[in-house]
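For reference, the structure is listed below as structure tokens.
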Amino acid sequence: MAIVLVLVLVVVGSIGFHLVSPWWWTPIASNWSYIDNTIVITFWITGFVFAVVVLFMAYCVFRFRYRPGNQAAYQPENKRLEWWLAGGTAFGVAAMLAPGLFVWKQFVTVPADASIVEVVGQQWQWSFRLPGPDGRLGRSDTRAVTADNPLGVNRNDPASLDDVVIQGGELHVPVGKPVEVLLRSIDVIHDFYVPEFRAKMDMIPGTVTYYWFTPTRTGTFEVLCAELCGVGHPQMRGTVVVDDETAYRTWLQQQPTFSQSLALVQKQAAK
């Protein structure tokens, strides 16, 4: 009976803690409430299955407990039960996967009017690059990374010269406008994650991954790395500031371009 009581208390305690838990999601700050909804659906399905399985175990422990004179009836298989279990499992898995597939399609379908931001992960800091007045990002290559060109931007690409390069600083984005985030890693696998945006993606060396989001409120938000990327992983923090349009334009005009940064490095080297 003690085991039965423990199993019932585990179910009741788990459901109660979930409903009144002080640890819940941070307030959302983007359009991806779909992701919250998908997680809630997963919680309900897995929570229901967890409760049913554990309570069934408690019932079996109580119903088939040892009693003098009772003998178990051997039943090697039950096709009806097996079909019910297989069908129920398939339905539950499909119910969890289907919303995720719809959200994933939206997640990787970038609006045509989205602005572009490149995020570069490197042990253990974040850097950013935005297109200049021409609206295009210049080419880049990890093999072109040097001390004075830490992002490996192609110096010979005319589209690179007016790019805005922010190394280890704050990224600003305008509120209410979609942003496509291009993700690139210089060394190991990183993951650009802002909890309030509900969006994240691995950054894999040698390739460019991406996603998009629309900031829905102004504020300052912390960037985390969601992949274990070395001993400095816990300190790999950054900042994203969501501005209104005026503040964003003011900030953008104050940032040096790639050509200006190169000229400054060459000037310092000549001294």
Side-chain angles (χ1 to χ4, degrees), residues 1-108 189-202 211 213 216-217 219 221-229 233-234 236-237:
M1 290 299 294
I3 295 178
V4 173
L5 181 61
V6 168
L7 291 174
V8 172
L9 288 177
V10 166
V11 172
V12 174
S14 298
I15 295 175
F17 182 78
H18 173 77
L19 295 176
V20 301
S21 173
W23 295 291
W24 202 239
W25 295 308
T26 56
I28 196 166
S30 80
N31 58 307
W32 289 118
S33 59
Y34 305 105
I35 292 179
D36 283 0
N37 296 336
T38 302
I39 294 174
V40 169
I41 292 172
T42 302
F43 277 166
W44 277 108
I45 294 174
T46 56
F48 174 78
V49 173
F50 169 78
V52 169
V53 169
V54 177
L55 291 177
F56 178 71
M57 290 171 56
Y59 166 78
C60 289
V61 171
F62 176 78
R63 175 69 176 79
F64 303 108
R65 67 190 184 278
Y66 171 75
R67 284 175 290 184
N70 281 11
Q71 185 175 2
Y74 176 65
Q75 189 173 0
E77 63 179 26
N78 186 324
K79 292 186 176 180
R80 182 179 180 183
L81 178 60
E82 291 173 2
W83 275 109
W84 272 105
L85 291 175
T89 301
F91 178 80
V93 172
M96 287 191 294
L97 291 180
L101 293 176
F102 285 107
V103 173
W104 176 255
K105 182 178 185 300
Q106 296 174 333
F107 198 66
V108 297
I189 296 178
H190 299 284
D191 191 302
F192 183 72
Y193 178 42
V194 180
E196 290 84 356
F197 293 166
R198 297 297 193 278
K200 61 195 288 287
M201 183 76 71
D202 279 356
Y211 64 84
F213 67 96
T216 55
R217 61 183 174 91
F221 307 99
E222 186 175 26
V223 180
L224 306 175
C225 180
E227 286 288 354
L228 183 59
C229 57
H233 167 71
M236 191 170 176
R237 307 293 180 92

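Each residue takes its place number in the sequence, starting with 1.
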Non-hydrogen side-chain atoms of [X] and [Y] separated by less than 4.5 Å:
X: Arg217; Y: Pro27; answer: yes
X: Trp32; Y: Phe213; answer: yes
X: Met96; Y: Thr46; answer: yes
X: Tyr193; Y: Cys225; answer: no

Determine the minimum heavy-atom distance between [X] and [Y], stating which atoms define it.
X: Pro99; Y: Ile41; answer: CG-CD1, 4.0 Å
X: Cys229; Y: Ile189; answer: CB-O, 3.7 Å
X: Val103; Y: Tyr34; answer: CG2-CB, 3.8 Å

Exam field: side chain Arg63 to backbone Cys60, donor-acceptor pair closer than 3.5 Å: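 Not confirmed, Arg63 side chain does not pair with Cys60 backbone.
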Under 3.5 Å donor-acceptor, His233 side chain and Glu227 backbone: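 Checked: pair present.
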Going from [atom1] on [X] to [atom2] on [Y], what distance comes out if it is rounded to the nearest 0.5 angstrom?
X: Leu97; Y: Ile45; atom1: CG; atom2: CD1; value: 9.0 Å
X: Arg198; Y: Thr26; atom1: CZ; atom2: OG1; value: 4.5 Å
X: Ile35; Y: Ser30; atom1: CD1; atom2: OG; value: 7.0 Å
X: Glu82; Y: Asn78; atom1: CD; atom2: CG; value: 7.0 Å
X: Met57; Y: Leu7; atom1: CE; atom2: CG; value: 5.5 Å
X: Phe17; Y: Leu19; atom1: CZ; atom2: CG; value: 11.0 Å

Tyr211 and Phe107 aromatic ring geometry - parallel, tilted or perpendicular at 30°/60° bounds: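 Phe107 and Tyr211: parallel rings.
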Parallel, tilted or perpendicular: rings of Phe43 and His18 (30°, 60°):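 Answer is perpendicular, since the angle exceeds 60°.
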Name of the residue among Val223, Leu224, Asp202 meeting side-chain contact (heavy atoms from CB on, under 4.5 Å) with Phe192: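 Passing option: Val223.
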Qualifying residue for side-chain contact (heavy atoms from CB on, under 4.5 Å) with Val12, from Val8, Val10, Ile15: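 Result for side-chain contact (heavy atoms from CB on, under 4.5 Å) with Val12: Val8.
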Phe50 atom CZ, over 12 foreign heavy atoms within 6.0 Å: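 Above 12, so yes.
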Enclosure of Leu85 CG (heavy-atom neighbours >12, cutoff 6.0 Å):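 Correct, the count exceeds 12.
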